[in-house]
Amino acid sequence: MPLPSPLAIAITLFTLVGLAGCATLVDSRADRRETLWMTEFPPVGQFVEVEGHRVHLLVTGRSRGSAPEVVLIHGANGNLRDFTFDLVERLEGDFRVIAVDRPGLGYSDSWGEADNDPALQARVLREAVAQLGVRRPIVVGHSYGGAVALAWGLQAPRDTAALVLLAGASEPWEGDLTFWYNLNDTVLGGPARTLVAAFAPESAVEAALANVFAPEAVPEGYGDHIGAGLSLRRESQETNNRQVNSLLPYVTAMQPRYPSLRMPIELLHGDADETVPVEVHARRFIREVPSARLTEIPGAGHMLHHTHPEAAVAVIREARRRAGL
């Protein structure tokens with residue numbers, strides 16, 4: 001959840017003017033807040049090791065072998081708690097559910113600049129869930145996670161039962177990212193991230209949530225559940241900004257390969273999504289991939305798996321039906 005531009009601009013000014021001589025105090029305050037956030041929102045799942053790094057994931061629902069398996073991949077600046085707010089509970093009765101923290105976010109370790117590549121993230125997550133006995137899952141990706149889900153399908157088409165993209169980022173786009181992401185590509189990025197960790201008020205978190213849910217309302221209790229502080233940690237901010245700023249060339253390279261995808265693909269997208277616009281991504285994708293089907297929700301924004309959870313469950317169940325599971 002990138003901070004609103006006015007607040008980001010204010011942070012930049014403070015970086016340049018007001019706090020130049022207080023770096024030690026600011027770092028200390030950021031340290032204390034990060035420790036508090038991790039105490040308040042500890043890991044909720046288990047860890048597996050991949051290539052000497054830890055990957056955090058949650059396994060719930062039906063027992064292994066008794067039901068189809070669903071892997072849930074979160075979007076930018078998030079963690080698997082995004083799915084445990086509501087969606088996981090709705091799926092537990094019919095599926096074995098595995099929610100993952102993408103590399104460098106939540107409680108999963110970073111691979112450094114290598115995890116800028118959604119294909120590396122997909123490979124890492126495939127190896128992680130394979131250790132749990134997952135063999136042919138339905139892979140669900142929200143937003144940035146949609147690109148990772150597509151990379152997963154391209155890497156392992158025979159071992160992927162179906163793909164589900166929830167407001168998924170799939171296509172190359174034109175135009176610039178927000179001020180916050182652009183700032184993080186400059187020398188001011190590090191100091192700005194530290195200031196966010198040290199001083200970002202609750203009102204800034206609420207504004208960021210309102211922005212990403214717009215034009216719909218943030219569900220009651222979501223902000224308290226998600227553990228926004230985990231995303232405000234300096235390392236998490238650095239990873240997220242680096243991954244988002246690097247995404248376009250990777251998506252551009254993947255896009256010509258999409259027509260090779262043969263597994264069932266279900267897309268759910270809101271026509272009022274300004275974060276990942278439907279006309280740029282989902283509508284174009286279904287013209288490229290014969291196995292892709294789009295369910296479009298009028299008036300829905302970017303977080304439609306929370307604002308329209310029944311529709312999200314419905315497309316996952318449809319993917320299961322089409323895959324013959």
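Computed over heavy atoms, backbone and side chain alike; hydrogens, waters and symmetry mates excluded.
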For this session: Please say whether more than 12 non-hydrogen atoms of neighbouring residues, nucleotides or ligands are located less than 6.0 Å from CD in Glu274.
Result: no
Exercise. Is there side-chain contact between Arg320 and Phe95, with at least one heavy-atom pair below 4.5 Å?
Worked result: yes
Problem set entry | Rounded distance (nearest 0.5 Å) linking atom CZ of Arg64 with atom CG of Leu132 | 8.5 Å
Exercise. Hey, any chance Leu261 and Val71 share a hydrophobic cluster, counting ILVMFWY side chains that come within less than 4.5 Å of each other, even indirectly?
Worked result: yes
For this session: Report the relative orientation of the aromatic rings in His281 and Trp173; use parallel for angles under 30°, tilted for 30 to 60°, perpendicular for over 60°.
Result: tilted
For this session: From the options Asn116, Asp117, Asn77, Asp115, select the one residue that forms a side-chain hydrogen bond (donor to acceptor under 3.5 Å, both in side chains) with Gln243.
Result: Asp115
For this session: Verify side-chain contact (heavy atoms from CB on, under 4.5 Å) between Glu92 and Val88, making sure each step is shown before the conclusion.
Result: CA-CA 6 Å; Glu92 285 176 324; Val88 163; 3.7 Å; yes
Exercise. Can you find a pair of side-chain heavy atoms, one from Gln237 and one from Ser231, that are under 4.5 Å apart?
Worked result: no
For this session: Could you tell me whether Asp101 and Arg81 make a salt bridge, using a distance below 4.0 angstrom between a side-chain N and a carboxylate O?
Result: no
Exercise. What distance separates Tyr107 OH from Leu57 CG, expressed to the nearest 0.5 Å?
Worked result: 15.0 Å
For this session: State, with a plain yes or no, whether a side-chain heavy atom of Leu294 is found less than 4.5 Å away from one of Leu268.
Result: no
For this session: Before giving the answer on side-chain hydrogen bond (donor to acceptor under 3.5 Å, both in side chains), spell out for Ser236 and Thr239 the whole-Å C-alpha distance, their side-chain angles and the decisive distance to 0.1 Å.
Result: CA-CA 5 Å; Ser236 294; Thr239 296; over 6 Å; no
Exercise. Do you know which two heavy atoms are closest between Asp273 and Ala167, and how far apart they sit?
Worked result: OD2-CB, 3.5 Å
Problem set entry | Crowding at CD, Gln46 (>12 non-hydrogen neighbours, <6.0 Å) | yes
Exercise. Is any side-chain heavy atom of Ile297 closer than 4.5 Å to a side-chain heavy atom of Thr307?
Worked result: no
For this session: List in chain and number order the residues that pass salt bridge (charged side-chain N to carboxylate O under 4.0 Å, His left out) with Glu49, two or more places apart in sequence or in another chain; answer none if no residue qualifies.
Result: none
Exercise. Do the side chain of Ser108 and the main chain of His56 share a donor and acceptor less than 3.5 angstrom apart?
Worked result: yes
Exercise. Just wondering, do Leu105 and His74 contact through their side chains at under 4.5 Å, heavy atoms?
Worked result: yes
Problem set entry | Side-chain (Arg102) to main-chain (Leu125) donor-acceptor, under 3.5 angstrom | no
Seminar exercise, completed: All heavy atoms of Ala162 vs all of Ala323, minimum pair found to be CB-CB, 4.4 Å
Problem set entry | Intermediate values then yes/no, side-chain contact (heavy atoms from CB on, under 4.5 Å), Val212 and Val218 | CA-CA 9 Å; Val212 78; Val218 180; over 6 Å; no
Seminar exercise, completed: On a heavy-atom basis, the closest approach of Ala312 and Leu166 is CB-CD2, 4.4 Å
Exercise. Does the side chain of Glu238 reach to within under 4.5 Å of the side chain of Arg193, using non-hydrogen atoms?
Worked result: yes
Exercise. Charged N to carboxylate O below 4.0 Å: is that the case for Arg293 and Glu318?
Worked result: yes
Problem set entry | Heavy-atom pair of closest approach, residues Leu232 and Ala200 | CD1-CB, 4.4 Å
Exercise. When clusters are formed by joining ILVMFWY residues with side-chain heavy atoms under 4.5 Å apart, either directly or through shared neighbours, do Tyr258 and Val280 land in the same one?
Worked result: yes
For this session: Please examine the side chains of Leu150 and Ser170, heavy atoms only from C-beta on, and report whether any two atoms are closer than 4.5 Å.
Result: yes
For this session: State plainly whether one hydrophobic cluster holds both Trp152 and Trp111, where clusters connect Ile, Leu, Val, Met, Phe, Trp and Tyr through side-chain heavy atoms under 4.5 angstrom apart.
Result: yes
Problem set entry | Polar side-chain atom of Arg135 near backbone of Ala130 as donor-acceptor pair, under 3.5 Å | yes
Exercise. Would you call the rings of Phe83 and His305 parallel, tilted or perpendicular, where under 30° means parallel and over 60° means perpendicular?
Worked result: tilted
For this session: Using only heavy-atom distances, determine whether the side chains of His306 and Glu216 contain a donor-acceptor pair under 3.5 Å.
Result: no
Problem set entry | Expected output: side-chain Glu34 to main-chain Arg234 donor-acceptor under 3.5 Å | yes
Exercise. Quick one: does Thr160's side chain have a donor or acceptor within less than 3.5 Å of a partner on Ala156's backbone?
Worked result: yes
Exercise. Between Ser260 and Arg257, is there a donor-acceptor pair closer than 3.5 Å when you use the side chain of the first and the backbone of the second?
Worked result: yes
Problem set entry | Spacing of CD belonging to Glu266 relative to CD1 belonging to Ile286, to within rounding of 0.5 Å | 11.0 Å
Exercise. When rounded to the nearest 0.5 angstrom, what is the spacing between CD1 in Ile98 and OG1 in Thr60?
Worked result: 9.5 Å
Exercise. Does Ser28 use its side chain to pair, donor to acceptor, with the backbone of Thr24 at less than 3.5 Å?
Worked result: no
Exercise. Should the pair Phe85 and Tyr222 be assigned to parallel (<30°), tilted (30 to 60°) or perpendicular (>60°) ring geometry?
Worked result: perpendicular
Exercise. If you measure from the Lys or Arg side-chain nitrogens to the Asp or Glu carboxylate oxygens, is any gap between Arg283 and Glu288 under 4.0 Å?
Worked result: no
Report, one line per pair, each donor and acceptor closer than 3.5 Å where one atom sits in a side chain of residues 136-145; sequence neighbours left out.
residue, atom, partner, partner atom, Å
His142, NE2, His302, O, 3.0
Ser143, OG, His302, NE2, 2.8
Tyr144, OH, Gln121, NE2, 3.1

Exercise. Is a side-chain donor or acceptor of Asp82 paired with a backbone partner of Gly78 at a separation under 3.5 angstrom?
Worked result: no
For this session: Would you indicate whether Glu51, at its atom CD, is surrounded by more than 12 heavy atoms from other residues, nucleotides or ligands within a distance under 6.0 Å?
Result: yes
For this session: Would you name the heavy atoms of Gly223 and Ile226 that are closest together and state the gap between them?
Result: O-CG2, 3.5 Å
Exercise. How many angstroms lie between atom OG of Ser291 and atom CG of Leu163, to the nearest 0.5 angstrom?
Worked result: 8.0 Å
Problem set entry | Pairwise side-chain contact, Gln131 with Val50, heavy-atom cut-off 4.5 Å (strictly under) | yes
Exercise. Taking a hydrophobic cluster as the set of Ile, Leu, Val, Met, Phe, Trp and Tyr residues connected by side-chain heavy atoms closer than 4.5 Å, whether directly or through intermediates, do Leu304 and Leu72 fall within one such cluster?
Worked result: yes
Problem set entry | Heavy-atom donor-acceptor pair, Asn245 side chain to Asn241 backbone, under 3.5 Å | yes
Exercise. So, the side chain of Arg233 versus the backbone of Thr35: is there a donor-acceptor pair under 3.5 Å, distance only?
Worked result: no
Exercise. Minimum heavy-atom separation for Gly146 to Leu165, with atom names?
Worked result: O-CD2, 3.8 Å
Problem set entry | Linked, directly or transitively: Val48 and Leu58 (ILVMFWY side chains, under 4.5 Å) | no
Problem set entry | Check against side-chain contact (heavy atoms from CB on, under 4.5 Å), Leu267 and Phe285 | CA-CA 9 Å; Leu267 292 82; Phe285 186 88; 3.9 Å; yes
Exercise. Quick one: CD on Gln155 to CZ on Arg126, what's the gap to the nearest 0.5 Å?
Worked result: 4.5 Å
Exercise. Out of Asp94, Leu87, Asp86, which one pairs with Val313 under the side-chain contact (heavy atoms from CB on, under 4.5 Å) rule?
Worked result: Leu87
